[in-house]
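Heads up: the structure comes next, in structure tokens.
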Amino acid sequence: MGRLTDRYCIVGVGETEYSQASGRTTRAMAVEAVKRAMDDAGLNASDVDGMMSYHGGDSTTSTTVVSDLGIRLNFYMDCSGGGSSTEALIGLAIGAIEVGMCHTVAIFRSMNGYTQVRIGGTGARARAPITEAGVMTRPYGYMSAAQNFAFSFMRHMYEFGTKPSQVAMVKVVGSKHASNNPKAFMKKRMTVEDVLNSRWIVKPVHLLDCCLETDNATCVIVTSAERARSLKQRPVHILGVAGRVCKPRIEVHYQFGPITRVAGYHAKDIVFPMAGVTHEDIDVTSCYDAFTWTTLLQLEDYGWCKKGEGGDYVSSGIIALGGKRPNNTSGSHLCEAYTHGMNMVIENVRQLRGTVDDYCPNWQKGQHTYDYSEGHCRQVKDAEIAMSMGWGTPALGSALIMRR
Amino acid sequence: MPMSFEYRGMLINLPDFDRERKEYFEHAAQKKLVVQKCKGCALLRWDPGPACPWCQSLEWTWQQVSGKGTIYSYEIVTHAIQPGFRDWVPYPVALVELDEQRGKPSPDEGVRLITNVVDENFNPEKEENVGIGKRVEVVFLPVAEGVFLPQFKLSKEQPTERVWQFQNV
Ligand SMILES: [Zn+2]
């Protein structure tokens with residue numbers, strides 16, 4: 001086993017409603033998500049002494065949240081970042097606890113990603129004057145995440161013959177999972193044709209290849225295994241973490257090919273040895289789905305299949321509930337909500353506890369039917385080890401392996 | 001003098017302290033496409049910046065390039081993000097690999113820059129004419145008094161490698 005084994009745990013998870021009309025401040029949402037995670041763990045205000053958050057200039061601060069909740073901190077850090085931050089901050093929280101700066105860290109992300117600062121990039125950010133790095137790209141009408149990533153997607157089709165109809169299966173599978181998730185913003189099951197016939201955003205990306213834009217806050221709480229033992233939930237142990245691992249020349253990563261390669265290529269060499277497990281040991285995964293394509297590229301470069309074979313892999317049934325290794329069982333960013341990675345980790349924590357909040361009548365007691373037809377179960381049977389693969393850009397990724 | 005101009009209703013600011021990018025546009029104003037050449041290892045680089053990513057030298061000079069290249073990857077924007085581009089969709093954005101340094105300093109590297117592919121009238125090139133492997137050459141789009149934006153148009157040269165175009169299947 002690895003060096004982290006049995007030393008640190010995620011003990012609480014919480015989120016607000018996933019919506020496109022929060023009608024609230026990021027502050028009010030963050031407070032609710034942190035409170036829910038504390039309640040989930042059975043922690044009082046005096047039991048939490050660390051806080052971390054990440055943002056894109058679109059959120060509230062740790063100091064605001066702890067002032068509201070009456071928490072006195074020994075450590076906090078709000079940093080800029082989007083996808084790939086969740087796993088990285090969990091790793092940093094472990095570091096802060098390890099050196100004795102604090103003992104229990106709540107990590108949150110709060111965003112009105114639909115009603116305030118749209119994740120798709122339209123709105124105020126698109127109207128801002130063009131300066132600095134934007135001078136080289138924005139005059140070409142090149143600015144959003146989809147536009148930034150599309151070169152890699154196109155090149156993958158060119159090099160490997162991957163088809164849009166194969167990639168669409170990531171959405172099809174995600175929507176199947178979301179249909180068994182009462183929290184999911186988009187619960188409707190989709191077909192490959194639905195994806196291919198949805199309107200274009202930037203070719204090769206259709207609307208339904210894109211994640212949702214939603215308003216929500218999310219929280220996970222990290223503490224030592226020793227403290228975890230006396231808390232409310234079955235602890236979920238952290239085995240390995242890789243945080244914000246980058247490709248060469250990250251900001252202009254397309255100068256350094258192959259551009260179909262993503263940062264998971266490097267992150268896997270950190271997270272698997274640290275965790276002391278192999279791919280075969282892992283029962284359930286979440287793989288960042290800012291776009292259908294981002295899931296496919298990461299699954300390849302983390303080594304779940306050979307490079308170039310991602311199209312067949314995501315179409316094989318392996319990643320669906322009932323398959324060998326279900327992926328994104330909540331519906332994740334494509335169907336549940338856009339949380340910059342937090343909902344992927346939250347879902348895996350619940351999978352490992354065995355208490356996924358599906359439509360099974362007694363899910364809270366861990367009693368599941370394992371009937372994965374629409375409107376029923378989404379618990380993976382006997383899930384022991386789970387992995388999350390976070391994405392920031394093709395050149396930026398993080399990963400987390402946990403066991404129950 | 002700082003450069004400040006409007007293009008498609010968007011304000012673009014190049015203050016004096018943004019030295020590398022401002023000089024890039026000053027060369028473009030003379031209809032010259034330039035990239036930086038490292039004085040340490042002689043490699044060319046894009047986009048403009050203060051250091052060489054291969055040898056870390058801080059010394060460099062501008063080098064005019066032929067402006068000829070090949071489309072390494074591309075995309076067709078159909079949903080404009082910036083308001084100034086709403087009446088320009090659908091338009092291609094391409095990653096163009098310049099002829100000067102292909103496959104150097106390692107086989108997967110090259111000098112690649114982001115551009116649109118435009119026609120003779122500087123309108124977006126039609127999607128059916130754009131593809132990976134197509135040859136392109138630089139043109140200079142007048143955007144304001146004394147300001148030109150480097151753009152690329154399809155070249156009359158025959159492709160030297162496989163041409164590939166996206167299909168929605
Ligand atoms: Zn050099």
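Letters go in sequence order (proteins before strands), and every chain restarts at 1.
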- Query: Looking at B:D47, B:L141, B:L95, which one has more heavy-atom pairs under 4.5 Å with chain A than the rest?
  - Reply: B:L95
- Query: Run the side-chain contact (heavy atoms from CB on, under 4.5 Å) check on B:H79 and A:V202 step by step: do they pass?
  - Reply: CA-CA 6 Å; B:H79 171 73; A:V202 48; over 6 Å; no
- Message: Taking A:G141's backbone N and O only, do any of them form a donor-acceptor pair with B:Y91's side chain (distance below 3.5 Å, no angle check)?
- Response: yes
- Note on the structure: Between A:A126 and B:P83 the two heavy atoms that sit nearest each other are O-CD, 3.7 Å
- Output for pair (B:I114 CD1, A:Y140 OH), nearest 0.5 Å, gives 9.5 Å
- Message: Tell me which of these, B:E97, B:Q167, B:E109, has more heavy-atom pairs under 4.5 Å with chain A than the rest.
- Response: B:E109
- Item | Close contacts, residues 290-311 of chain A versus chain B, judged by heavy atoms under 4.5 Å | none
- Task: Measure B:P150 against the heavy atoms of chain A and call it side chain, backbone, both or neither at under 4.5 Å.
- Result: both
- Message: Determine whether A:Y142 and B:I81 satisfy the following criterion, side-chain contact (heavy atoms from CB on, under 4.5 Å), listing intermediate values before the conclusion.
- Response: CA-CA 8 Å; A:Y142 176 88; B:I81 300 299; over 6 Å; no
- Item | Trace of the ring-ring contact (aromatic ring centres under 6.0 Å, His included) decision for B:F166 with A:W200 | CA-CA 13 Å; B:F166 173 71; A:W200 290 112; 5.7 Å; yes
- Select, from B:F25, B:Y72, B:W88, the one with the greatest count of heavy-atom pairs under 4.5 Å involving chain A. B:Y72
- Message: Quick check on A:M136 against chain B: is it the side chain, the backbone, both or neither that has a heavy atom closer than 4.5 Å?
- Response: both
- Query: Measuring heavy-atom distances to chain B, does A:A133 have an atom under 4.5 Å in its side chain, in its backbone, in both, or in neither?
  - Reply: both
- Relative to chain B, which segment of A:V252 carries a heavy atom at a distance below 4.5 Å: side chain, backbone, both, or neither? side chain
- Backbone N/O of A:L196 and side chain of B:N168: donor-acceptor pair under 3.5 Å: yes
- Message: Can you confirm whether more than 12 heavy atoms, excluding those of B:E145, are under 6.0 Å from its CD atom?
- Response: no
- Message: Counting only heavy atoms not in A:E251 (residues, nucleotides, ligands), do more than 12 fall under 6.0 Å from its CD?
- Response: no
- Check the side chains of A:R127 and B:Q82 for a donor-acceptor pair under 3.5 angstrom, ignoring hydrogens and angles. no
- Winner by heavy-atom pair count (cut-off under 4.5 Å) against chain B, out of A:S144, A:A146, A:P204, A:P139: A:P139
- Message: Give me the atom names and distance for the closest heavy-atom approach of A:Y158 to B:W164.
- Response: CD1-CB, 3.3 Å
- Separation between OG of B:S73 and CD of A:E159, rounded to the nearest 0.5 Å: 9.0 Å
- Item | Note, A:T131 side chain near B:L11 side chain (heavy atom, < 4.5 Å) | no
- Task: Tell me, for A:R249 versus chain B, whether the close heavy atoms (under 4.5 Å) come from the side chain, the backbone, both or neither.
- Result: side chain
- A:F256 and B:W46: aromatic ring centres closer than 6.0 Å? no
- The reported gap from CE in A:M157 to CD in B:Q165 (rounded to nearest 0.5 angstrom) is 12.5 Å
- Task: Against chain B, work out which of A:R199, A:R125, A:M143, A:Q147 has the most heavy-atom pairs shorter than 4.5 Å and name it.
- Result: A:Q147
- Is A:R138 close enough and on-axis enough to B:Y7, meaning under 6.0 Å and within 45°, for cation-pi? no
- What are the two closest heavy atoms between A:P129 and B:N13, and how far apart are they? CB-ND2, 4.1 Å
- Query: Can you tell which of A:Q255, A:K163, A:R118 has the highest number of heavy-atom pairs within less than 4.5 Å of chain B?
  - Reply: A:Q255
- Could you tell me whether A:E132 and B:R21 make a salt bridge, using a distance below 4.0 angstrom between a side-chain N and a carboxylate O? no
- Task: Against chain A, work out which of B:P15, B:G9, B:A94, B:S4 has the most heavy-atom pairs shorter than 4.5 Å and name it.
- Result: B:A94
- With a 4.5 angstrom heavy-atom cut-off, could you sort out which part of B:N116 is near chain A: side chain, backbone, both or neither? both
- Query: Among A:A150, A:S165, A:P258, which residue forms the greatest number of heavy-atom pairs with chain B at distances under 4.5 Å?
  - Reply: A:P258
- Query: NE2 of A:H206 to OG1 of B:T78: how many Å apart, nearest 0.5 Å?
  - Reply: 9.5 Å
- Heavy-atom pairs under 4.5 Å with chain A are the metric here; pick the option from B:E127, B:E6, B:R8 that has the most. B:E127
- More than 12 heavy atoms of other residues, nucleotides or ligands under 6.0 Å from NZ of B:K68: is that the case? no
